[in-house]
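Written out below as structure tokens is the structure these notes cover.
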Amino acid sequence: MSTLSKAADHQPAQDNNFNFKHKSGAVDSETWSIFSTTGREFSITIATAPERNNREIHAALFKANVAIILIDAACGIQTQAKWYAYLASSFKIRHLILGVNKMDQVDFDPHIFHGIEQDFHDLCSHLDFASTAIIPTVSLQGNNVLNPSVHTPWYDGLSLIDYLTTIETARITDNRFIFLVQENNPANIRSDRCNGMIANGQITIGDVVRIAASGEIAQVKNIRTLNSDVFEARTNEVITLALDKEVKISCNDVISAAHSPLETTDQFTAVVIWTHAEPGLVSRNYQLILANQQADASITTIKYRLDINTGAHEACQQLKQNDITVCNLALNHPVAFDTYTTLPVLGNFVLVDQYSHATIATGLIMHNLRRAQNVHRQALSICREDRERLNGHKGKVIWLTGLSGSGKSTIANALEKELHSQGKRTYILDGDNMRHGLNKDLGFTNADRVENIRRVAEVAKLMMDAGLIVITAFISPFRAEREMARQLIGKENFVEVYISTPLEVCEQRDPKGLYKKARSGQLPNMTGINSPYEPPEHPSLVINGTNQNISAILRPLLQLVSSLQ
Ligand SMILES: Nc1ncnc2c1ncn2[C@@H]1O[C@H](COP(=O)(O)OS(=O)(=O)O)[C@@H](OP(=O)(O)O)[C@H]1O
Ligand SMILES: Nc1ncnc2c1ncn2[C@@H]1O[C@H](COP(=O)(O)OP(=O)(O)O)[C@@H](O)[C@H]1O
């Protein structure tokens, strides 16, 4: 977005008010610098190509007061510039400046500038800024950067630096006390002190505070910084709070003033900016980090994607790199939050890939979904243990995974027959069958397979809760969803069995003619041909699916099942 620091390097040295103090790469290599003018200090983060839009750039967007987008006068406002304008608007940066740079290369032509000005006004009509400005510049020579330029008599606005010094920069209006607990203690211990950082506002001895998760209330007896006891402490200070009584404190608790309690949510709508090359899929589990809190998160609905050329809201099935979208998300447990507009520190989050730990998206909470508050679990009188007692065995899930034609259905059938003859209560969930009923709206795109397995995992969990031994026979090609199923069902109830049959063998068997169709280009997204299969890394059992002796295949499987009882 901004290359102002480079422009500043080339300013003539005679201006005494301008002081270029420092340039370093501490935030995101070679992307920030600090300079000052009379009475004001600026720090600049330079965002380069969108694909470099990493977490640091988003941290800078989160703090920035002003966004400066520099474009080439000869090229006009291109998609990348529009994308940054939308990004700045989403992050609620209040002021936007468009620098129309390299004006010398278009002979300082006012018609070119005014054409771009019109496009800029059209763009800004879709966006939310308190002020916008457009300035013709030549950053290499400093025209309209530090001083007005003699080459642009038709421009009667301020130079970039003069304009920057006039901008009203106040951004955070909410001064509520927000304390992020950072403890190494095990979860939920009772204690009358806690360590952490003040993320917003201030605290004074005697204030009454509230722990968001438990709702417990206590009074602050003492505040200690690293070196000394203090009467009050402010934003960004790391302190220990001593309370007048013991309360339940977890390592990721959030504490507020008691008179302004924080809401918690496990379902909300957010702006989601997808930054990773791997697309974002509905129902896939990601890790959400919101301030000091973490939860498993999945996108439940993609409401729309912004078309940055027109401002239109488009339907979309998955999130692609640099998409700016609005989505509903669901978490596996509630977190303390606020909307990004009201309290940015508790309204912004990142999504992290559960395997690579790469940051894959940034989110800004728009609003809580009321259904999160209004849907409660219904307590039932008969529980899983009661049903298991009647059945004479525990409910479990035996999760078979493998290519189409690997032998999943054959093995699931043989296993069920054997368990049935032993008097066990069982049920098979099979890919082909589920797809005729509950999942008949789903196809074979990655997104549909993710949703397919999410539903299957939920059904398997309910059946296990009914006390059944559930055998699932789905390709379930992605590790992430098999892991999601394991987490949902509980690892003590779940075994993953890999039916390992080489693709060549499956292709030879081809009982439904699907491989033949895929090879001849008539079937898209066929697993193993033009859609990926990720074999399990640590399955409970690997079965050689080419072994023709079904009793030999069943032996270790039956042993595994009986070891679960
Ligand atoms: N494109 C494509 N790729 C893979 N499989 C296909 C496809 N189209 C139809 N079929 C048939 O659907 C069955 C697989 O469904 P699943 O629900 O197990 O698939 S997945 O887990 O969602 O990937 C699968 O059944 P099995 O052969 O028993 O595995 C196929 O019969
Ligand atoms: N162990 C095995 N040895 C030889 N053929 C097998 C074996 N298991 C399954 N088959 C055959 O392979 C084909 C695919 O088996 P199936 O159980 O339907 O696989 P999947 O459910 O994984 O698609 C069927 O024709 C089946 O008879």
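Start at 1 and go down the list; that is how both ligands and their atoms are numbered.
Taking every non-hydrogen atom of Gly405 and a distance limit under 4.0 Å, the qualifying atoms of ligand 1 come out as 27 (O). For ligand 1, the atoms closer than 4.0 angstrom to any heavy atom of Ile453 are 21 (O). Residue-ligand proximity, Phe474 to ligand 1, at heavy-atom distances under 4.0 Å covers atoms 17 (O), 18 (O), 21 (O). In summary, the atoms of ligand 1 found under 4.0 Å from a heavy atom of Gly431, numbered by their order in the structure, are 17 (O), 18 (O). Against a heavy-atom cut-off of under 4.0 Å, Pro477 is close to the following atoms of ligand 1: 21 (O), 23 (O).
Using a 4.0 Å cut-off between a side-chain N of Lys or Arg and a carboxylate O of Asp or Glu, Asp122 and Lys82 do not qualify as a salt bridge. Between Arg482 and Glu537, none of the side-chain N atoms (NZ, or NE/NH1/NH2) sits under 4.0 Å from a carboxylate O, so this pair counts as no salt bridge. Look at Arg486 and Glu496 and you find a salt bridge, because one of the NZ, NE, NH1 or NH2 atoms lies within 4.0 Å of a carboxylate O, short of that distance. One finds a salt bridge joining Arg384 and Glu388 here, because a Lys/Arg side-chain nitrogen approaches an Asp/Glu carboxylate oxygen to under 4.0 Å. A salt bridge does not link Asp253 with Lys248: none of the charged nitrogens is closer than 4.0 Å to a carboxylate oxygen.
Distance from atom 23 (O) of ligand 2 to its nearest protein heavy atom, with residue and atom name: Gly405 N, 2.6 Å. Shortest contact from atom 18 (O) of ligand 1 to any protein heavy atom: Ile475 N, 2.9 Å. Distance from atom 12 (O) of ligand 1 to its nearest protein heavy atom, with residue and atom name: Phe444 CZ, 3.1 Å. If you check which protein heavy atom lies closest to atom 20 (S) of ligand 1, you get Asn452 ND2, 3.7 Å. Protein heavy atom at the shortest distance from atom 19 (O) of ligand 2 is Gly407 N, 3.0 Å. From the protein, the heavy atom lying nearest to atom 9 (C) of ligand 2 is Thr410 OG1, 3.4 Å. Atom 26 (P) of ligand 1 has its closest protein heavy atom at Lys512 NZ, 3.4 Å. Nearest non-hydrogen protein atom to atom 27 (O) of ligand 1 is Ser404 OG, 2.5 Å. Ranking the protein heavy atoms by distance from atom 21 (O) of ligand 2 puts Ser409 OG, 2.7 Å first. Annotation: atom 13 (C) of ligand 1 to nearest protein heavy atom, Asp432 OD1, 3.5 Å. With hydrogens left out, the protein atom closest to atom 30 (C) of ligand 1 is Leu514 CD1, 3.4 Å, a heavy atom. In this structure, the protein non-hydrogen atom closest to atom 1 (N) of ligand 1 is Asn525 O, 2.8 Å. In this structure, the protein non-hydrogen atom closest to atom 25 (O) of ligand 2 is Pro511 CB, 4.0 Å.
Contact annotation for Asn547 and ligand 2: only backbone heavy atoms (N, CA, C, O) come within less than 4.0 Å of the ligand. Only side-chain heavy atoms of Arg435 come within less than 4.0 Å of ligand 1; its backbone N, CA, C and O stay farther off. Contacts with ligand 2 closer than 4.0 Å are made by backbone heavy atoms (N, CA, C, O) of Leu403 only, the side chain lying farther away.
Counting only non-hydrogen atoms, the option in Gln548, Lys512, Arg509 that gets closest to atom 11 (C) of ligand 2 is Arg509.
Test Asn547, Asn549, Ile553 against Ser551 for side chain to side chain contact (heavy atoms under 4.5 Å, CB included) and you get one pass: Asn549.
At a 3.5 angstrom cut-off on N or O pairs, Ser404 does not count as close to ligand 2. Any N or O atom pair closer than 3.5 Å counts here, and Lys408 shares at least one such pair with ligand 1. Ligand 2 has a nitrogen or oxygen under 3.5 angstrom from a nitrogen or oxygen of Gly545.
There is no side-chain donor-acceptor pair under 3.5 Å between Thr300 and Asn328. A donor-acceptor pair shorter than 3.5 Å can be found between the side chains of Glu263 and Asn368. Side chains of Glu504 and Gln508: no donor on one and acceptor on the other come within 3.5 Å. A donor-acceptor pair shorter than 3.5 Å can be found between the side chains of Ser283 and Glu451.
In Gln317, the CD atom is not crowded: 12 or fewer heavy atoms of neighbouring residues, nucleotides or ligands sit closer than 6.0 Å.
Relative ring orientation between Tyr533 and Tyr498 is described as parallel, the plane-to-plane angle staying below 30° on a 0-90° scale split at 30° and 60°. Under the 30°/60° scheme for interplanar angles, the aromatic rings of Tyr286 and Trp274 are found to stand perpendicular.
Ligand 1 lies less than 4.0 angstrom from a heavy atom belonging to Pro524.
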Give the C-alpha distance, both sets of side-chain angles, the deciding distance and a yes or no for ring pair (Phe, Tyr, Trp, His ring centres under 6.0 Å) between Phe268 and Phe349.
CA-CA 12 Å; Phe268 53 81; Phe349 60 88; 5.6 Å; yes

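A side-chain donor-acceptor contact under 3.5 Å links Arg449 to the backbone of Phe444.
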